[in-house]
Chemist: 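Here it is, the structure in full.
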Amino acid sequence: MNSSHSSAAPRSPHTFRTVFPVLALCWLAVFFDGMDVNIYGAVMPHMLDDSGLGLTPATAGTIGSWTTFGMLIGALTAGNLTDWLGRRLMLVTSVTLFSLGSAICAVAPGVGLFGAGRFVAGLGLGGLMPLCLAMVMEFAPPRRAALTTGLLMTSYHFGGMAATGLGLTLAPAAGWRWVFWAGVLPALVAVPLLLKLLPESPGVLLAHGERAKADAVADRYGLPRPTEVAAPAAGAAGRLAAIRALFRPESRWATPLLWLASFSGLLLVYGVSTWLPQMMRASGYGLNSSISFLMVINAGGIVGLLIAGRAADRFGAVRVSAIWFVLTAAGALLLKSQLPLGVTYAVVAVTGVFLFSAQVMVYAATNTVYRDSERAAGLGWVTGIGRTGAVVGPWLIGVLATNGNQSWGFITFALAGLVGAVAIALVPLARRIGRSDAPAAPAPVAATVGLS
């Protein structure tokens with residue numbers, strides 16, 4: 001084995017250029033993820049006006065929570081099955097599921113079947129994000145994990161802008177159902193490309209005993225060849241071991257803080273994505289302006305991710321995330337005020353700069369807490385537990401809207417931003433406490449920390 005291991009083809013350099021195919025394919029998948037997540041918020045005002053559907057503000061919030069409950073299950077399931085079944089297969093399954101969910105929504109005669117469709121879509125949406133994040137972090141060039149993560153997540157906001165464009169153009173002209181038919185496109189476009197072009201994770205291949213294939217993929221993309229200590233263990237025992245490893249002494253205190261920060265961030269992301277147009281409409285803005293705010297905040301999100309990725313590579317993802325959460329809270333409080341339309345657009349855009357990338361930098365921070373063999377499970381649980389915030393956000397704002405208290409939604413968002421800031425800011429202290437509790441001479445751990 002050693003001789004074949006050393007006689008390999010020349011290695012590619014580990015740069016953005018060599019890993020671009022992986023980043024591009026994951027970018028496309030997350031683009032459709034962002035489009036599907038934002039479709040509901042973009043067409044909700046039209047759906048509430050459709051008396052035949054029977055949607056009310058209360059049921060709208062409940063359906064939004066069913067979507068994110070599906071995401072919770074999908075994220076936890078995918079994060080614990082990906083290294084066992086393979087990341088490419090799980091990615092394809094995720095895309096297929098949320099495309100199927102959109103098709104169900106498009107034909108649903110009432111809120112019951114529509115809610116079931118959003119739940120099915122949520123299963124796929126929840127699984128996709130941690131898978132793409134784990135793939136991109138594994139293939140990212142050294143010391144560029146945060147920037148690469150930020151570039152990946154710009155696609156979510158381009159997808160959100162596409163959904164808003166469909167809500168502004170297709171929904172008034174052809175009806176809201178046709179917007180959900182557009183959500184079937186991922187199965188037709190992304191699935192064939194993923195099956196044909198996306199490589200499997202070298203660590204997963206090694207865990208399956210396919211050393212030659214693992215080394216070939218690593219050499220092709222300029223990655224370090226995976227070692228047994230960096231490869232996730234296969235099977236149910238391996239999955240349980242990966243979960244237990246999240247609470248080893250070095251990360252036992254950081255893990256719940258990452259979960260709380262993710263809870264706060266995803267409450268913001270999905271609360272805003274689901275309810276911002278309707279909240280702004282209730283504040284007195286016109287229908288088209290209210291939907292346009294969703295496009296503007298996603299455009300701000302793209303700018304923010306490009307800034308945050310570079311800033312995090314220089315100053316650290318934890319520091320950037322904490323500051324971004326505080327600025328998001330300030331923006332939410334400003335939106336509660338009755339401002340002129342032009343000023344409101346500016347505040348929405350600036351808030352978008354910080355809101356979405358605060359959460360993404362939580363994901364990037366996991367790269368400093370977990371070892372290579374724990375990364376997929378760690379991300380799966382950070383996103384999965386965080387999805388409880390995504391469940392609470394749409395439901396809570398729906399309850400406030402039912403009682404005519406939409407303005408309290410902005411206060412809810414501000415509080416979530418402050419909680420997220422405190423939680424993520426405490427992660428370095430938690431790691432120091434954990435290291436002081438760890439047993440002496442942790443040589444194998446030192447060999448794997450920092451590989452990215």
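Reckoned from all heavy atoms, side chains included, excluding hydrogens, waters and symmetry mates.
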Chemist: For the residue pair Ser357 and Met153, establish whether any side-chain heavy-atom pair is separated by less than 4.5 Å.
Modeler: no
Chemist: Within this structure, what is the CZ-OG distance for the pair Arg118 and Ser102, rounded to the nearest 0.5 Å?
Modeler: 6.0 Å
Chemist: Please tell me if the side chains of Ser65 and Tyr270 come closer than 4.5 Å, counting only heavy atoms from C-beta onward.
Modeler: no
Chemist: Any luck finding a side-chain donor-acceptor pair between Thr164 and Asn38 under 3.5 Å?
Modeler: no
Chemist: For a 4.5 angstrom cut-off between non-hydrogen side-chain atoms, does Met71 reach Leu266?
Modeler: no
Chemist: Using 0.5 Å steps for rounding, measure from the CE atom of Met135 to the CD atom of Glu200.
Modeler: 6.5 Å
Chemist: Could you walk me through whether Ile73 and Phe119 satisfy the side chain to side chain contact (heavy atoms under 4.5 Å, CB included) test, starting with their C-alpha distance in whole Å, then the side-chain angles of each, then the deciding distance to 0.1 Å, before giving a yes or no?
Modeler: CA-CA 10 Å; Ile73 296 173; Phe119 176 77; 4.0 Å; yes
Chemist: Could you check if a side-chain atom of Leu168 sits within less than 4.5 angstrom of a side-chain atom of Ser292, using non-hydrogen atoms only?
Modeler: yes
Chemist: Any chance you could measure Phe69, atom CZ, to Thr388, atom OG1, to the nearest 0.5 Å?
Modeler: 11.0 Å
Chemist: Atom CG in Leu125, atom CG in Leu97: separation rounded to 0.5 Å?
Modeler: 9.0 Å
Chemist: Is it the case that the side chains of Thr154 and Trp27 hold a donor-acceptor pair, with the cut-off being a distance below 3.5 Å and no angle test?
Modeler: yes
Chemist: Could you tell me how the ring of Phe356 sits relative to the ring of Tyr156: parallel (under 30°), tilted (30 to 60°) or perpendicular (over 60°)?
Modeler: tilted
Chemist: The criterion is side-chain contact (heavy atoms from CB on, under 4.5 Å); which residues satisfy it with Leu197, sequence neighbours excluded?
Modeler: Leu25, Leu193
Chemist: As an exercise, state the distance from CG of Leu415 to CG of Leu333, rounded to the nearest 0.5 Å.
Modeler: 8.0 Å
Chemist: If the test is side-chain contact (heavy atoms from CB on, under 4.5 Å), which one of Ile323, Leu418, Leu268 qualifies with Thr328?
Modeler: Leu268
Chemist: Can you measure from CD (Gln359) to CH2 (Trp324) and round to the nearest 0.5 angstrom?
Modeler: 15.0 Å
Chemist: Within the structure provided, determine whether Leu305 and Leu151 are in side-chain contact (heavy-atom separation under 4.5 Å).
Modeler: no
Chemist: Under the ring pair (Phe, Tyr, Trp, His ring centres under 6.0 Å) rule, what pairs show up with a residue in residues 327-350, not counting sequence neighbours?
Modeler: Phe293-Tyr345
Chemist: Taking the side chain as C-beta and beyond, is there a heavy-atom pair between Leu152 and Cys132 under 4.5 Å?
Modeler: yes
Chemist: Less than 4.5 Å apart, any side-chain heavy atom of Phe354 and any of Phe325?
Modeler: no
Chemist: Is any side-chain heavy atom of Tyr40 less than 4.5 Å from a side-chain heavy atom of Ile63?
Modeler: yes
